[in-house]
Peer 1: 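Sharing a structure here in structure tokens format.
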Amino acid sequence: MHEPRLITAGEAIREATDLAMAADPSVVLMGEGVADPKAIFGTTANLSQKYGPQRVIELPLSENGFTGIAIGAAMNGLRPIIVHQRVEFCLLAMEQLVNNAAKIHYVSNGAHRAPIVVRLIVGRGWGQGPAHSQSLEALFAHIPGLKVVMPSSAADAKGMLLASIQDDSPVIFIEHRWVHYVKGHVPPGMQTVPLDGPHRLREGDAVTVVSNSYLTLETIRAAEELAKEGIAADHFDLRVIRPLNVAPIVESVRRTGRLVTVDTGFMTYGIGAEIVSRVMEQCCMQMRASPRRLGLPEYPTPSSRSLAAAYYPRSPDIAAAIAEVAGAPAARIASLRSTLSADRESVPLDIPHHSFQGPF
Amino acid sequence: MHEPRLITAGEAIREATDLAMAADPSVVLMGEGVADPKAIFGTTANLSQKYGPQRVIELPLSENGFTGIAIGAAMNGLRPIIVHQRVEFCLLAMEQLVNNAAKIHYVSNGAHRAPIVVRLIVGRGWGQGPAHSQSLEALFAHIPGLKVVMPSSAADAKGMLLASIQDDSPVIFIEHRWVHYVKGHVPPGMQTVPLDGPHRLREGDAVTVVSNSYLTLETIRAAEELAKEGIAADHFDLRVIRPLNVAPIVESVRRTGRLVTVDTGFMTYGIGAEIVSRVMEQCCMQMRASPRRLGLPEYPTPSSRSLAAAYYPRSPDIAAAIAEVAGAPAARIASLRSTLSADRESVPLDIPHHSFQGPF
Amino acid sequence: MNITAIAPKPPETPVIAASAGPLALYRAMLRIRLIEEEIANRYSAQEMRCPVHLSIGQEATAVGACAALRTDDQIVSSHRSHGTYLAKGGDLNAMMAEIYGRETGCCGGRGGSMHLFDDRVGVLASVPIVGSFIALGTGAALSFRHANQDRVCIVFLGDGAIEEGIFHESANFAALKKLPVIFFIENNGYSCYTNLEDRQPVRPLADVARAHGMPSVQIDGNDVMAVYAATSPAVARARAGLGPTLIVADTYRWREHCGPNYDNDIGYRTPQEFESWRARCPVETMGANLMAQGTLTKTAQAELATEIGAEIDAAFQFAIGSAFPDPATARDHVYA
Amino acid sequence: MNITAIAPKPPETPVIAASAGPLALYRAMLRIRLIEEEIANRYSAQEMRCPVHLSIGQEATAVGACAALRTDDQIVSSHRSHGTYLAKGGDLNAMMAEIYGRETGCCGGRGGSMHLFDDRVGVLASVPIVGSFIALGTGAALSFRHANQDRVCIVFLGDGAIEEGIFHESANFAALKKLPVIFFIENNGYSCYTNLEDRQPVRPLADVARAHGMPSVQIDGNDVMAVYAATSPAVARARAGLGPTLIVADTYRWREHCGPNYDNDIGYRTPQEFESWRARCPVETMGANLMAQGTLTKTAQAELATEIGAEIDAAFQFAIGSAFPDPATARDHVYA
Ligand SMILES: Cc1ncc(C[n+]2csc(CCOP(=O)(O)OP(=O)(O)O)c2C)c(N)n1
Ligand SMILES: Cc1ncc(C[n+]2csc(CCOP(=O)(O)OP(=O)(O)O)c2C)c(N)n1
Ligand SMILES: [Mg+2]
Ligand SMILES: [Mg+2]
């Protein structure tokens, strides 16, 4: 047994990349900033020194081009990891991802492969504004042929990144910037975590709750407080958005008869919609309450913190929604909300914790 | 009263464009092929002769660039209509649409506007293959600030295109290539059809059915046959994917307790998921059967007609799904299926009707 | 379903070896011409149910350029890919079966005419989104560099494709890293029905290379020897690690943009223009030259045509005789 | 919520009229410098809670170029937009309030530092996605053509931004249509922390224009008179309908890519390099020149600084004293 090691998800991502590159010379790391001193928020630190410019390839500003270059190289056997400091930059590369990466294996009748990993970082807070803060997993989730992974813990960040790199299909690996700060016990060495679907974080019989990425952390907090109030959530961290393994969630809802989804991205036409639909197709007649979704509202992210305050669902909102679906009385919901609000508001709303001082 | 005029949706689109350009000199038409002899499947025929190259602007191959150019021009008062012969070409312009077009009004606190219309044509059939046949409305539907319209009739094609051109927000106007062939009564002149949500095509109490674009036509056929069998569908053509007006659908499901959605695009993380979720959030406890979704399966469009045969939901599949949700006995479902199959199979599966001879 | 079961058999015609001389180049062009014409002839039977973009009139570019390559070099191209696929040695049977949507097609019927590839001879991919393949080919070159191989990739692109931003992004990267890639522009003067002058400012087309500090050359794309002569040093340069070259080869597409017919009647080009290019037919010109030199005789020419005709007949028979893919396999290979 | 209610008041400093002479250009540069320094000073108070990309060291490009424009001409720029916004006459109060996230900001607090605009003086937009704004500015020029106006748009872009395909797509279109747009490259040699040589092949940067048959000029971007002298004929050319020009102005960013600090310690550039550029400070150089010419005195300089200082103090007070936007308005203006 190893000593438990407490590292952040950001460090875990760096470690996974390092291990994968050491183990397999076909792994290359490509992106704008991968070899610079900031090293993608530290997640690629020292890798260019260690593996050299042939394997850690600093790129000109050319998101569409370099995505195609990565795919072409992958078809010939490389395993490129490409990184975007913001999800939005990757919008320039949608054609390559949707038409080439997602389809080359299919259209070649299995002959070709595009084993690329696309690391996308979701910006949040510190007034990033509407074009630097989106969580657009739903766009990728819609496309057969892509895999979409969103870790919320340090251990998953490492293990699932390793699994993504080893995967022969293209994987969109979405890292919430605030998840980078999360600490957790991470086993050392080449230990992959399979891309096999939702992970139950807490067992309960009252309500099934499905969250992803950073909002899993807010939901954990909510579920803790709910448990104290006697409302036992069956809480799943979704982790793999595509291909979607909904079976454990359906099984859970069959027991609870209640469902709440919590999305890091826009709610409308978002991830929760698919989960609700899949569940309803299978156990609509067993529901004890209407399902409920949380997610970002119907407008872009405003920069000013006064406007952004109500933008993101936080643990108090999540707890209240879960308690409502569980049928808790109004007074209990109000008290939950105030306990959690007091707790959450000790940190400014636009940063994950006090060490975070902008501008990124 | 005017004589009823029977024209195709393709002709209706041309007529709407012509009327809008005649009425408003700020309307310009831009795209690859808008001024060429094929004139975007005839939908821009003769407009370059009539309005000249300053207003009908043939473009170099530069989807991302010209989308930004259209947005910049729109911010200064033009009303560009841009056209892509295939939805897929527009994937190159996602950044412009998602970050600039969708957000410029919001981020400027209402000062700026981007009144562009983006006409996207969905390819289908004749072995187009995986990169020329997608119906990707769900990608646009996810983005607040965009409007997404999908007409299924000639009258809507005309009236909603006029309304889209007059709209001060960016509108993604998705035309299914097979809808171009649909004939219908279209009023002459500047008659807009508001972008106000679903349109009830048939009243009934048995099942609520929501379809969009080309699959509305297959669903109409299914619903006709179902009616003969005594299953009365309450059939809505969705028409406006975003902003989504779900109220009439919810009202209907409250009566029927049953819901079937039929998507032209991929089912998973598709349009139907949002509709099912919205409905379930409001009337889950009134359902008499689990909801059901139809749409494209979890793989890219193969070119060969033998592989594509089962790809698209057709009237027999749609009728069978509706009948099942309505609780019809298996024998009745089988007979419905065979009636409709006989009917549908008089035309090869990869073309809308016999006049269609490829290669487009 | 089993991939190896449907793998096409080794091609009868290997990559045209430069050493085989001008006659081999002539034969390769004639073969492409006759194949394309047969597709055009049979298209109206509506059994080839996918778009086809014929390269009749442009045979010299594909053949001259591929003649400068080794079998283990690669090429990528776009919608108009029959000529380059065949010139690089792509399997004719697999191509015809693909166009006919059969399980013996190079994609098992999944791609159609716009997705041709043949891994055994270095036809890496063709994809129908204009410009998209330019980055794929540049990535192939990156993989050669990574593996320390002296292989080269030719990206065949149209005069339209260079307007796409991805061309410049790829060219910048290739020039920066001195990748072994050649950007070979088949300049037929049109993007669908739109003339070059209506899409790009007036300047020598080869000047696009200057933006990226890349050498370039503009040549007669209907002269297969000129194409070969221009491509060979570019290939040598790339192989030596000296980086990419841009080649602009002027040529002309005879038939309609997409489909089997002539379309000079629809008004986007003049009959005079068409005739002037037809008079410069790459195949006929080369044939006449070879005859003038005494390398080719009327009889030999007729024999060639017969021989190729037999191969083509066999290929169509192979395609038509092949089974359609089993619908039950449609869900396979979404994930690797 | 009501747009007019929060519209910024007319700017105290109009667009620098060329006629106002070198002293006006000096003043405009000094003003930008002092504003940016004050932002840097106050940033650590954590009340400006949005990313800021300071243009300290680059003042001559913004000022020299905008001096060649009329008020009704337009500009677009990117993340590093304070300097160009101010040089074109953008309202200082509205900018500071925007950075402070207040309702009196030019975007009502919705955009932050990377979304500055001021319609009254032709600051059309700045947007934070690199390259994205190049097409917007080209579109603005298209709208001038459409309306038969003799207005011009300058697109300010970095040496990084020209790597994006959209630059080439926009340049091709502008050259083809001879649009009244100027592509003005503020070449500070870096894209974030990556040197130009690590991103582009060796060739004169101005050669990118040759791909599009566009005239180009490379100038000392720290010499405001040189910038003005190069921009004026380009503007005249554009206004006369003769089409776009590419201007490459070499300059240097002093502070970190994003944020208020110096970052020469982190190792992507040498202190020597930094010092050599600091020695060529555009503001000091111009000040010294003016003094040498007798156009400026120490006293006048001190007075200028005091005057500008007062304006800056007032602007920060305005920003800090302004209300935060009402959270209830967050849903407004999604659709027009
Ligand atoms: C991104 C994109 N835009 C538009 C099209 C439609 N399209 C198919 S072929 C073609 C013309 C391409 O011209 P060129 O590159 O010169 O090749 P050519 O057809 O002349 O061989 C166009 C516009 C496409 N397939 N992809
Ligand atoms: C499409 C895109 N890719 C990457 C980024 C991240 N980014 C922000 S500024 C910047 C550097 C831009 O360099 P340059 O254009 O030279 O401008 P400078 O910062 O030097 O003024 C980068 C890469 C972005 N905002 N947009
Ligand atoms: Mg061409
Ligand atoms: Mg720079």
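By convention in this document, chain letters (A, B, ...) are assigned in the order of the sequence lines, proteins followed by strands, and residues within each chain are numbered from 1.
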Peer 1: Look up atom CZ in C/Arg210 and atom CZ in D/Arg210, then write down how far apart they are to the nearest 0.5 Å.
Peer 2: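 Between atom CZ of C/Arg210 and atom CZ of D/Arg210 there are 3.5 Å.
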Peer 1: Testing the basics here: between D/Glu169 and C/Gly165, what is the closest heavy-atom pair and its distance to 0.1 Å?
Peer 2: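 Answer, listing the atom of D/Glu169 first, then C/Gly165: OE2-N, 2.6 Å.
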Peer 1: Which heavy atom of C/Asp198 sits nearest a heavy atom of D/Leu176, and at what distance?
Peer 2: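 Reported closest heavy-atom pair: O-CD2, 3.4 Å.
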Peer 1: Kindly give the heavy-atom pair with the smallest separation between D/His212 and C/Pro201, and that separation in Å.
Peer 2: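 In terms of heavy atoms, the two residues are closest at O-CG, 3.3 Å.
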Peer 1: What part of D/Glu164 lies closer than 4.5 angstrom to a heavy atom of chain C: side chain, backbone, both or neither?
Peer 2: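 When you check distances to chain C, atoms from both the backbone and side chain of D/Glu164 fall under 4.5 Å.
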Peer 1: Provide the closest heavy-atom pair for C/Glu163 versus D/Asn172 in the form atom of the first, atom of the second, distance.
Peer 2: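 The answer is CG-ND2, 4.1 Å.
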